[in-house]
Amino acid sequence: MNSHQLAVFHEVMKTGSVSQAARNLHRTQPAISAAIKTLEEELGLTLFLREGRRLVPVPEAQYLMEEATEILSRMETAQQNLANMRDRVQGSIRIVAMPGPSTFLLPEFISRFVAEKPEVRVTLATRSSPQVRSLVAAGSFDIGFCDMTRFRGDRRLYTAEELPSNCLCAVPVSHPLARRAMVTAGDLNGLPMGALQPDHNTYQATSQAFLAAGAEFNLRYDAQYFLPLFHFIAAGQACAVVDVLSAASYRRSNAGEERIRFLPFQPEIPFGYSILIPSERPLSQLAASFVEAWRQNVQLILAESAGGNRS
């Protein structure tokens with residue numbers, strides 16, 4: 001018994017006529033009759049009594065009709081769902097990202113991505129970059145987004161596409177440095193600073209830049225993530241060397257009332273990003289299209305920053 005036989009049987013039962021079933025299925029009457037005969041032979045059951053030109057279904061045929069209706073309905077649903085997945089308008093995406101992008105940029109982007117895809121479900125979790133790597137390596141998420149710092153141990157369990165960039169200097173818009181085209185470590189000598197906590201490579205690179213310039217690194221605020229530091233900078237209480245996407249998050253969430261200016265910083269402090277996917281499980285077409293679109297979005301933001309499009 002196969003799906004073709006079930007479809008023919010279902011149509012004959014529904015119409016009560018071989019000729020009408022043939023018309024509905026765009027087949028010949030002999031082909032419909034042959035399909036019914038073959039089905040009966042394979043089942044070892046007579047499904048219809050022949051009374052002249054009429055087919056009278058037996059009780060077993062009534063039972064098979066119920067089963068055939070459910071099976072064909074499920075097949076149609078599966079076919080439609082797979083078509084939707086092929087067309088990237090149905091499915092689910094599980095994303096885990098570090099706090100900066102997951103607070104504003106990623107939700108904003110996801111909203112645009114799924115705007116015309118009402119059947120797409122998205123899970124967005126926020127974790128530290130080491131946790132993002134571990135969760136993607138474990139296969140708990142389809143896509144991870146974190147900073148580009150290299151960790152040993154689990155790299156073979158995920159693939160990483162790296163998007164390099166350099167930090168910007170965030171200064172209060174009312175600060176004299178805000179009128180500069182660029183800020184150096186020497187310019188920040190002794191000024192109150194915000195930074196990530198001392199175990200982060202950005203803190204270490206920034207403090208080394210001050211040391212090389214013979215400048216005092218006057219740390220006033222340290223935080224686990226860059227976004228909380230913007231409150232102190234906007235209040236005129238500190239400056240900070242921050243990553244590009246955190247700067248973009250601030251700009252977009254404070255459009256029209258920015259109290260921070262972001263400027264190029266010398267020497268360069270690297271802060272790149274990684275898009276992670278599990279090595280052992282291929283992405284769905286929907287998730288792959290998300291990765292491509294998100295990559296392009298991030299590259300555009302980084303290009304705008306490198307090109308001097310700063311507020």
Side-chain angles (χ1 to χ4, degrees), residues 96-105 126-134 144-155 160 162-172 175 177-178 180 182-251 259-274 276 298 301-302 305-306 310:
V96 58
M98 60 185 182
S102 66
T103 301
F104 187 84
L105 287 183
T126 301
R127 298 290 188 274
S128 67
S129 286
Q131 290 173 323
V132 169
R133 291 181 177 85
S134 296
F145 190 72
C146 59
D147 69 42
M148 209 171 73
T149 304
R150 289 176 171 81
F151 283 77
R152 295 180 180 177
D154 55 5
R155 182 62 183 267
E162 299 180 342
L163 305 172
S165 71
N166 293 310
C167 288
L168 301 172
C169 185
V171 301
H175 197 283
L177 289 177
R180 298 280 188 91
M182 180 182 68
V183 175
T184 68
D187 296 329
L188 298 171
N189 180 33
L191 294 179
M193 295 292 295
L196 296 188
Q197 291 169 346
D199 60 345
H200 197 276
N201 65 308
T202 304
Y203 174 98
Q204 297 162 11
T206 302
S207 60
Q208 285 296 319
F210 275 72
L211 181 64
E216 177 191 358
F217 184 47
N218 178 18
L219 182 65
R220 186 177 184 190
Y221 304 102
D222 68 274
Q224 190 173 1
Y225 314 118
F226 283 123
L227 292 184
L229 298 177
F230 291 147
H231 294 281
F232 309 120
I233 301 168
Q237 298 173 344
C239 301
V241 178
V242 305
D243 76 293
V244 172
L245 293 191
S246 292
S249 294
Y250 174 84
R251 291 193 195 102
R259 292 185 291 164
I260 299 175
R261 183 165 171 79
F262 298 94
L263 302 162
F265 181 75
Q266 287 293 331
E268 292 180 348
I269 305 295
F271 193 108
Y273 308 93
S274 295
L276 312 180
V298 172
I301 294 172
L302 299 183
S305 173
R310 306 176 181 91

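- Counting only residues at least two apart or on different chains, no salt bridge (charged side-chain N to carboxylate O under 4.0 Å, His left out) pair has a member in residues 224-244.
- Pairing each heavy atom of F230 with each of A247, the nearest pair is CZ-N, 4.1 Å.
- Closest non-hydrogen pair, S249 versus G100, comes out as OG-O, 3.8 Å.
- Y273 contributes no side-chain N or O that, together with a main-chain N or O of V298, makes up a donor-acceptor pair within less than 3.5 Å.
- For R180, the side chain to side chain donor-acceptor pair (under 3.5 Å) partners are D187, not counting sequence neighbours.
- Applying the side-chain hydrogen bond (donor to acceptor under 3.5 Å, both in side chains) rule to pairs touching residues 189-203 yields D147-H200, T149-N201, H200-T202, sequence neighbours excluded.
- Here S207 pairs with nothing under the side chain to side chain donor-acceptor pair (under 3.5 Å) rule; sequence neighbours left out.
- In this structure, A205 and I269 approach most closely via the heavy-atom pair O-CD1, 3.6 Å.
- Between the side chain of S165 and the backbone N or O of F271, at least one donor-acceptor pair lies under 3.5 Å.
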Review point. Could you walk me through whether F145 and L105 pass the side chain to side chain contact (heavy atoms under 4.5 Å, CB included) check?
Key: CA-CA 12 Å; F145 190 72; L105 287 183; over 6 Å; no
Show me, pair by pair, the donor-acceptor contacts under 3.5 angstrom made by side chains of residues 212-228, not counting sequence neighbours?
| residue | atom | partner | partner atom | Å |
| --- | --- | --- | --- | --- |
| N218 | ND2 | G190 | O | 3.1 |
| Y221 | OH | Q237 | OE1 | 2.9 |

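- In this structure, A160 and L276 approach most closely via the heavy-atom pair CB-CD2, 3.4 Å.
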Exercise for review: Output, in order, the C-alpha distance, side-chain angles, deciding distance and verdict of side chain to side chain contact (heavy atoms under 4.5 Å, CB included) for R259 and Y250.
Suggested key: CA-CA 10 Å; R259 292 185 291 164; Y250 174 84; 3.9 Å; yes
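- Checked against side chain to side chain contact (heavy atoms under 4.5 Å, CB included), P267 has the following partners two or more places apart in sequence or in another chain: A185, A209, F265.
- Each of S134, S129, S128 was scored for a side-chain contact (heavy atoms from CB on, under 4.5 Å) with Q131, with one residue passing: S128.
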Review point. Would L177 and C169 count as a side chain to side chain contact (heavy atoms under 4.5 Å, CB included) if you check the C-alpha gap in whole Å, the side-chain angles of each, and the deciding distance to 0.1 Å?
Key: CA-CA 10 Å; L177 289 177; C169 185; over 6 Å; no
